[in-house]
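Report on the structure given below.
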Amino acid sequence: MPVIRKKTGLKKRLLLGLVIAAGGLVMIIASLGSGLFNVADAVENFRFYSFRQVNSTLLDATRFDAALERAIDSPEKAASLEALSLANDLAYIRFVTEDHTSLYRDVPRYLGIDARMQALIADLDAVIKAGLPLDVPELQRIAGLTSSLLSEMNEIYYSHGNLLDTNMRHAEQHLYRLTNAVVIALILFFVTGAAAIILLIKRNEVAMLMQHQANHDSLTGLKNRAWLGRYGAKMLNAARNSDRQLMLMVIDLDRFKSINDTYGHQVGDALLAHVAGILDEFEEKHLVAPVRIGGDELAVVAIVENNAAGETLRGNIHKRLNTKVDVEGRELRLNTSIGIACFPDHGDSLDILMRNADIALYQAKQGGRARTVVFDPGFETITEGSGAQNRLRQAIANDEFELFWQPLFDLRTASLSGAEAFLRWRDKETGEVLMPADFLPLAEQSEAIYDIDRMVLVKACAEASRWELELQSDFVISINISSQHLQSGDFPDYLAGVANRAGLSPARLEIDITGSLFVADRVTAFETVRKLRGLGFRVALDDFGQSVAGLQYLAEIEVDRLKIDGVFIGGIETNAKKRDLITTIIAAGRAAGVEIVAEGLETPAQMAFLMQEGCDLAQGFLFARPADTETFRAYLQRNMSRVPPTKKPRAKTKTKAA
Amino acid sequence: MSHLRVAIRFCCILMTCSLPAGTFAAELPIVRFEAPTGKAFDVIVEGETQSVSLAEIEGLGVYRTRTTTPWERGELLFEGPLLANVVKYIGLGDAPAIRIRALDGFTTDIPREDWLEGSVLLATRRDGKLLTRRDQGPVRVVYPQINTPAFATPLYKPRWIWLIATIEAVN
C-alpha cells in the first residue's frame, strides 16, 4: 500500500508541476505578447508614409510660392505664366487629386491645409485664365496667403518629425525591453527546467533512501523485518522454483540483556552492530540475507543447494558468532544460540518456518548456551508441555524469590562478622518454599539462571546497603553465583555496577565460588577471580572438600577465604579421620594465607574442636538457621543494636508474603 | 443554349484565375480611338533624346482597365498601350529595368518583371479622354490592381509615376 500512495503522490506532484509550468508559460507569453504589441503600436506610430507625404506637399507648395514670386517680379513674361501654370497643375495634382485620407488620420493638424490650398489654386486658376499681363495685386494676395500657409506647413512638418523621433526612441526602448524579457524568459525556462530536473533527481534519491530506510535497520544497517515480509517470500519462491532449500536461521545473543545491564546500552548496541557486521560478511545477493528481526533477535535467510551446503553455512556462522570480541575497548565473550528451520522439510511458508526456527532456538537455549539446533517436529510437543521452565520464568516475572540470611561468626573474637545470603522460592501457587537445589538445576538449563543471579545480586546489595552504616567495617555478605554466570567474563564489571548503584563498598561483598567453576574454562575462571579481587570484592572458595575442587586451586589462585563444607564438619566428634582431614585443610589454608570458614556447625563440641584447631570463622545451626530478611533484620538489631528499625509498610508486605 | 454559355463563361473565369502570369495580354479588352496628336515622352538612348508621340504608342494597341490606385479615391478607368509593348517599341525590351523621370523631378525605376508579369499600362487616357497635364498626363504608369491583385502592395506604390517626361534604360 505504501507503494501505491507513493505513486499517487507522484501523480499529484506531476500535475502540480504541469499547472505551475503552464501558469509560467502563460505569464511569459503574456509578457512577450504585450512587448510585441508595444512594438507594433510604435511601428504604427512611425507614420513614415505620412511623413513623406507631408514632405511632398511642402515641396509643391514651395514650388507654387516660388512661381508666384517670379510672376510678381515679371508679370508680362509668357515664361512667368507658363511656370505659374505648371506649378498650379502640380499643386492641383497634389492637393486636389491625391487622396489624403491617411494623412489626415496620421497628422490631424494637416486637415485644414488642403482646403486652404485648394482655394488658392482656384484663385490662381482665375488669374492664369485672364492671361497676360498678370494681375499683380491678386498674385501678391495669393502669395501672402501661401507664405503664411508654408510656414504653418513647415511647423507641422517639423513637429511631426519630432513626434516620429520620440516614437522611434520609445519603440527602441520597447524593443530593448522585449529583448530583455525574452532573455529573462529563456533564463527562467532554463532555470525552471534545471530545477525540475534537479528536483526529479532529488526525489528519486529520497525515494530510494526512503525505500532503503524502510527495508533496513538504522542501528545495524541490516535488512529489517519489513524487508523480510516483502522479500522473504520471494526468496522462498526462488528456492521453490529452483529445487533448492531455504534455510532460516534465527540467531539470539546469549545474555544480551545482562551485557546491556552491565555496560550500558551503548555497549549492547555496539555488540549488536559488531554481530551485524559479522553476519553482513555472509551476505550474498539474492542468496544469503542477514536480517535484524528486532531487539537482539537476528536471522539469516539463505537459499542453499543441499543439506551439506546449509550445514557448512551454519557451521561458519556459528563459529564466527561464538568467539571473544572486542567491543568499545572491552573484551566480551560472544555466545549465540541459533535455531534453524528449512524449506521444504520444516514448512512451506515463511511464517511456519519462522515459528519452527523460534521453537528450535528455544530448544537451543534450553540446552545451554552457544548451541545450534535444527528444528524437529518432535520439539513442538516438548515445548508445549514444558511447564516447569515456564513456571520458573513466571516466578521470576512475579518476583516470587526472596533471600534468607545466615549469620557468620568470628570464632577468634566471638562476634558477628557477616552473613550468607540464600535463595528461596516462595511459590505463590502452592505457598511452599523451595530450596535452591529444587529449582537451580532447572534454571541452569536456560537463560533463567542469569535472571536469578541478577535478582540475587540486586536484592542482596540493596539489603546490605541498608545495613552498611550500622555494621562493623569487617561485616561481609556472602553471595552464591552460578558458575555459568561467573564464566561469562563480564560478571566482575556487572557486579561492580550493581554494587555502585546500591552505594555498597566492594569489600562488603564476598562471592562464593566452587571448584566446578574451573572445570569448564580455567582461564576465564582465573581471570574472573583475579578481576573480582582487583575491583575490591572478596572471593571465597566454597564447598571445599565436597567436590573436585581441591587443594591445587589454592596454589593457583588468590582467594580470601576457604569454606569447609558442612559434610566434613558433621560427625567429627566421633570420626578421627575427619578431624585429621580438617586439621590438614586448616593447615593448608594457613599455608595459602586464607581465612578458614567452617560451615554447618551444629554442636558445641564441633565448635570447640574447630577453635582448638585455629579455624577463623564458622556458621551453622548452632548459631542460627537461615532466616528471612525481616527476621534477620531483627536479629541484627538485637545483636548489633545499631541496625535501623524496619519501615512499617515494608514489614507488612514481608509478613504477608511469609 | 444559355446554360451552355454560362458554363463556358464559368470555365473561362476558372481558367483565367488559374492562368499563369505571362499570358496576360488577352486579359484586357482592346479599345479603339482616333489617332491622337502630340508628344508622349522622350526616350534617352546613349545620351541622345528621341521624342515619341502619342499616336505612335497608341498605335501599339490601346487596352482598357478599371482599377483602384494607391494615390486616388475610387475606381478609375484607364486606357493606353501596354508598357511591355511600348518598351519593346522604343528598343528597351532587353533592359533589366527602365528609369522614368517626371515633369516635377520625381524619378522611379520599373524592373523588367513588372511589364513581363502583368498587363501594366502606360495610360494615355482616362474615361476615353486624353490625359492633360492637370490629369497627370500626357502618360502615366498604371498597375491594374483589380486585374492583378499582386500589384496591390506598398512595393508598387512609388512606381505609379505620372507626368512622365523621359524614359531610359537602367543597366
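Side chains are part of it too, since the values below use all heavy atoms of this structure and drop only hydrogens, waters and symmetry mates. Letters A, B, ... are given to chains in the order of the sequence lines, protein chains preceding strands, and every chain is numbered from 1.
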### Query
Going by residue number, which parts of residues 123-136 of chain B are within reach of chain A, meaning a heavy-atom gap below 4.5 Å?
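Only B/R133, B/R134, B/Q136 of residues 123-136 of chain B have a heavy atom under 4.5 Å from chain A.
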Heavy-atom count check: over 12 atoms from other residues, nucleotides or ligands less than 6.0 Å from [X] [atom1]?
X	atom1	answer
A/E138	CD	yes
B/K88	NZ	no
A/Y158	OH	no
B/E34	CD	no

### Task
Measure distances from A/S85 to the heavy atoms of chain B and classify the residue's part below 4.5 Å as side chain, backbone, both or neither.
both
### Best-contacting candidate, A/L59, A/L90, A/L86, against chain B by heavy atom pairs under 4.5 angstrom
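Sorted descending by pairs with chain B, the first entry is A/L86.
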### Query
Between A/D99 and B/W71, is a side-chain contact (heavy atoms from CB on, under 4.5 Å) present by the stated rule, with each step listed?
CA-CA 6 Å; A/D99 178 11; B/W71 297 97; over 6 Å; no
